[in-house]
Amino acid sequence: MSVTTRFAPSPTGYLHIGGARTALFSWLYARRHGGRFVLRIEDTDRERSTPESIQAILDGMQWLGLAYDEGPYYQTRRFDRYREVIGQMLDNGQAYHCYCTHEELEEMREQQRAQKLKPRYDGRCRQRREPREGVEPVIRFRNPQDGEVVIDDLIRGSIRISNSELDDLIIARSDGTPTYNFVVVVDDCDMGITHVIRGDDHINNTPRQINIMQALGHEPPRYAHVPMILGADGKRLSKRHGAVSVLQYREEGFLPQALLNYLVRLGWSHGDQEVFSREEMIEKFDLPAVQKSAASFDPEKLLWLNQQFLMNMPAAEVAEHLAWHCERMDLDTSNGPSLEQLIPIQAGRCRTLVEMVERSRYFYQEPEGYDEQAAGKNLTTETAPALAALKDRLAALDAWQGEAIHAAVKQVSEELELKMGKVAQPLRVAVTGGTVSPSIGDTLVLIGRQRSLARIDRALDYIQA
RNA sequence: GCUCCCAUCGUCUAGUGGCCUAGGACGUCGCCCUCUCACGGCGAAAACCGGGGUUCGAGUCCCCGUGGGAGCGCCA
């Protein structure tokens, strides 16, 4: 049987790290097995679901490159189907009307809690035939009372839950709308889902869903419950800690591939391998190698990975992402080196694309001034002779090329009997405005001959003034 | 409270009874490279939650404890 997985977010917020990883695992598993990956929007909570959230989830998945083969399906468009199934279950006694009021149920739970019992519906409407005046009933699933449910989890192995721990859950509200645990089952059946990969906070729902599934005469899918992701402080992710939208990682200058790689390694491993291309991930991912315990999100490691990709991905590909940031950060790069030229020499010094833009401005714009400390130390009457000598020597160069420039700087330093740093650093400050840049040769090459010489002049003027 | 899940360096993890004097990666620290910043190279510190079993032998299997997490909704 071919594999079908699904990602089923509820559109009550953006796509965050945890959701993205669940989506990634589902996507990988489907790809790995040549199966289908279905996107289903679980929007039955009409109060909290929003179109903005749906869009944010779609955008997030697109940026990550997690393409779905089918969907998105919307549960709110399938209400007829749910009603149909509920009707069948009512007819054959698998479900029944419950006329208990909120107050009654609350009181019942209170009593149970007082007796240190798990609060559960006690089934008092199971046998009721007559409606109750003035009460719109909910519909409950008649859960088996004996035996147990065994989940053969692909990650955790066998999990057993006694049916006596379960109660008759509500499958339709009094307004007739179906509830989560029910629609999931109908959808998973109808959509032919073979593998449900989801957060381990759903483990407790699984036996209920399996019971409903079996009542419907369906073979349950395989389940794989992945552990949750904790914030860097080891606490549960919340808006306060890092449960931010994946799109925020784009804004902060991360490559989708880096985030994907980080996410896949958070809870999964393939021996000691740390860096994976998309293809390798697909080829090597498997469920039994997924960790059982929760993992903390480590921003430092993500930063490191991002730089690995900046350094090793084809420059043309990185350039596309970099262009997005230049645009966003108001850097016009039309009058300077191409991004493809820029990337190889900057990647080793930047952990994010945002950093790369910030540290590359002087290739395209005149520095707005000199860094105060840098100028104080490097643009002085002491260094002026070196700058002047550099200017002459550089102006006389045949080819404006890295090695030649480096050689020129070296010659000047030898002639003036100065250390390389005493010459290169003033030059660096003169042309970039600061003390940090790629090697002096690369820097001048990308800035360009005319601009470089003009900037040296300007620095000389600055020293005189 | 009840049920379920989980437990190796600060963090992500390797480890499926002997190969473990517990390996790798991020981070940290030191050294090297060096025109700055980085990259890179080399090295160091750093962990099997505790207690019982099982076994010739346990990080690995079992039990108990402890700690963390999840669920117990007319939310998903």
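Everything numeric in this text was worked out from a predicted model, so none of it was measured. Chain identifiers are assigned alphabetically (A, B, ...) following the order of the sequence lines, protein sequences preceding nucleic acid strands; residue numbering begins at 1 within each chain.
Across all strands, A/Leu427 comes closer than 4.0 Å to no nucleic acid atom at all (heavy-atom distances).
Considering only side-chain atoms of A/Gln308, the nucleotide from B/U3, B/C26, B/G40 that sits closest is B/G40. Nearest nucleotide to the side chain of A/Glu300, out of B/G69, B/C26, B/C2: B/C26. Candidate nucleotides B/A14, B/C37, B/G27 were compared by shortest atom distance to the side chain of A/Arg359, and B/C37 ranks first. Residue A/Trp304 places its side chain closer to B/C26 than to any other of B/C4, B/C37, B/C26. Residue A/Asp201 places its side chain closer to B/A70 than to any other of B/U3, B/A76, B/A70.
With hydrogens and angles left out, the side chain of A/Arg349 and the base of B/C39 share no donor-acceptor pair within 3.5 Å. In this model, no side-chain donor or acceptor of A/Thr179 finds a partner on the base of B/C74 within 3.5 Å. For A/Asp43 against B/A76, a side-chain-to-base donor-acceptor contact under 3.5 Å is absent.
Only the P atoms considered, B/C33 is 40 Å distant from B/C19, to the nearest whole Å. One P atom belongs to B/G53, the other to B/G15, and the distance between them is 29 Å to the nearest Å. Taking the C1' atoms as reference points, B/A46 lies 23 Å from B/C32, given to the whole Å. Spacing of C1' atoms, B/G69 relative to B/C74, comes out at 27 Å, to the nearest Å.
Using a 4.0 Å cut-off between charged nitrogen and carboxylate oxygen, A/Asp168 and A/Arg142 do not count as a salt-bridge pair. Between A/Arg40 and A/Glu42 there is a salt bridge, since a side-chain N of the basic residue sits under 4.0 Å from a carboxylate O of the acidic one. A/Glu382 has no carboxylate O lying under 4.0 Å from a charged side-chain N of A/Lys377, or vice versa, which leaves the two without a salt bridge. Ion pairing of A/Arg156 with A/Asp200 is present here, as a side-chain N (NZ or NE/NH1/NH2) and a carboxylate O approach within less than 4.0 Å.
In this model, the phosphate group of B/C37 is not approached by any side-chain N or O of A/Thr435 to a distance below 4.0 Å at OP1 or OP2. For A/Ser437 and B/C37, the shortest distance from a side-chain N or O to OP1 or OP2 is not below 4.0 Å. The phosphate of B/C37 (OP1 or OP2) has no side-chain N or O of A/Arg351 nearer than 4.0 angstrom.
Atom pair A/Leu263:CG and B/U13:P shows a separation of 12 Å (rounding to whole Å applied). Rounded to whole angstrom, the span from the CD atom of A/Gln112 across to the P atom of B/G73 amounts to 9 Å.
Aromatic ring pairs are classed by plane angle as parallel below 30°, tilted from 30° to 60° and perpendicular above 60°; the pair A/His97 and A/Tyr99 is tilted.
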List, with names and distances, any nitrogen or oxygen atoms from the protein found under 3.5 Å away from nitrogen or oxygen atoms belonging to nucleotides 6-12 of chain B.
residue: B/C12; atom: OP1; partner: A/Ser296; partner atom: N; Å: 2.7
residue: B/C12; atom: O2'; partner: A/Arg265; partner atom: O; Å: 2.9
residue: B/C12; atom: O2; partner: A/Lys301; partner atom: NZ; Å: 3.4

Review item, nucleotides 31-35 of chain B N/O atoms under 3.5 Å of protein N/O:
residue: B/C35; atom: O2; partner: A/Arg428; partner atom: NH1; Å: 3.0
residue: B/C35; atom: O2; partner: A/Arg428; partner atom: NH2; Å: 2.7
residue: B/C35; atom: N3; partner: A/Ile440; partner atom: N; Å: 3.1

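In summary, of the residues considered (A/Leu310, A/Val354, A/Leu303, A/Leu353), a side chain to side chain contact (heavy atoms under 4.5 Å, CB included) with A/Phe254 occurs for A/Leu303 alone. Tested against A/Asp188, the residues A/Arg222, A/Arg6, A/Arg198 include a single salt bridge (Lys or Arg N to Asp or Glu O under 4.0 Å) partner, A/Arg6.
Nucleotide B/C33: unpaired (no Watson-Crick or G-U wobble partner with both distances less than 3.5 Å).
A cation-pi arrangement is absent between A/Arg208 and A/Phe141, since the terminal nitrogen or guanidinium carbon is not both under 6.0 Å from the aromatic centre and inside a 45° cone about the axis.
For A/Phe276, the ring pair (Phe, Tyr, Trp, His ring centres under 6.0 Å) criterion is met by A/Trp268, not counting sequence neighbours.
RNA chain B is contacted by both A/Gln75 and A/His270; A/His270 maps to the nucleotide lying nearer its 5′ end (nearest heavy atom per residue).
With centroids closer than 5.5 Å and planes inclined by less than 30 degrees as the test, A/His102 and the base of B/C74 pass as a stacked pair.
Checked against the 6.0 Å centroid criterion, the rings of A/Tyr68 and A/Phe7 do not qualify as a close aromatic pair.
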(message) Is there a salt bridge (charged side-chain N to carboxylate O under 4.0 Å, His left out) between A/Glu274 and A/Lys301? Walk through the geometry before answering.
(response) CA-CA 10 Å; A/Glu274 295 287 353; A/Lys301 190 160 183 179; 3.1 Å; yes
